[in-house]
J.: 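The following block contains the structure, expressed as structure tokens.
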Amino acid sequence: MSKYHHLQPIEDGGRLRSLRQWLNIIFMIGAIVGMVWYMVADHDTAVYIMIAAVVFKFIELTLRIAKL
């Protein structure tokens, strides 16, 4: 190993990488929609939208930690 091995990118070759990417996209869209909804409409509904988005993030995080 070279002196700068810690600077090399970590390859993510997980089997479910595309699923994790989709879960992240759903999370980001949900978070943005929730924030916009909070600004222009009902606050309670916006909170539920953002909670649902966080659930998708937790699923992605679980897959990442399990290294699937």
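The structure displayed is predicted, hence computed values, not measured ones.
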J.: Measure the OG1-CE distance between T45 and M50 for me, rounded to the nearest 0.5 Å.
T.: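 Answer rounded to 0.5 Å: 10.5 Å.
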J.: Which pair of non-hydrogen atoms, one from A31 and one from A53, has the smallest distance, and what is that distance?
T.: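 In this case the closest contact between A31 and A53 is N-CB, 3.7 Å.
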J.: Check for me, please, whether V55 and L63 land in the same ILVMFWY cluster - side-chain distances under 4.5 Å, paths through other members count.
T.: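 Yes, one cluster joins them.
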J.: Of the non-hydrogen atoms in D42 and W37, which two are nearest, and what is the gap between them?
T.: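 Here D42 and W37 meet closest at O-CD1, 3.3 Å.
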J.: Quick test of your reading: applying ring-ring contact (aromatic ring centres under 6.0 Å, His included), list the pairs with at least one residue in residues 39-60, sequence neighbours left out, ordered by first then second residue.
T.: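 Passing the test, one end in residues 39-60: Y38-H43.
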J.: Go through the steps to decide whether K57 and N24 satisfy the test side chain to side chain contact (heavy atoms under 4.5 Å, CB included), and finish with yes or no.
T.: CA-CA 6 Å; K57 186 61 181 175; N24 272 327; 2.8 Å; yes
J.: Side-chain heavy atoms nearer than 4.5 Å, only ILVMFWY residues, links allowed to pass through others: does that put L19 and I26 together?
T.: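 Looking at the clustering, I26 is in the same group as L19.
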J.: Treating Ile, Leu, Val, Met, Phe, Trp and Tyr as nodes and any side-chain heavy-atom pair under 4.5 angstrom as an edge, say whether I29 and W22 lie in one connected cluster.
T.: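 Both belong to a single hydrophobic cluster.
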J.: Please name the residue in the list L16, L23, I25, I65 that meets the side chain to side chain contact (heavy atoms under 4.5 Å, CB included) test with E60.
T.: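 For E60, the side chain to side chain contact (heavy atoms under 4.5 Å, CB included) test succeeds with only one of L16, L23, I25, I65, which is L23.
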J.: Work out which heavy atom in A46 is nearest to a heavy atom in G34; give both atom names and the distance.
T.: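 The pair with the smallest heavy-atom distance is CB-O, 3.4 Å.
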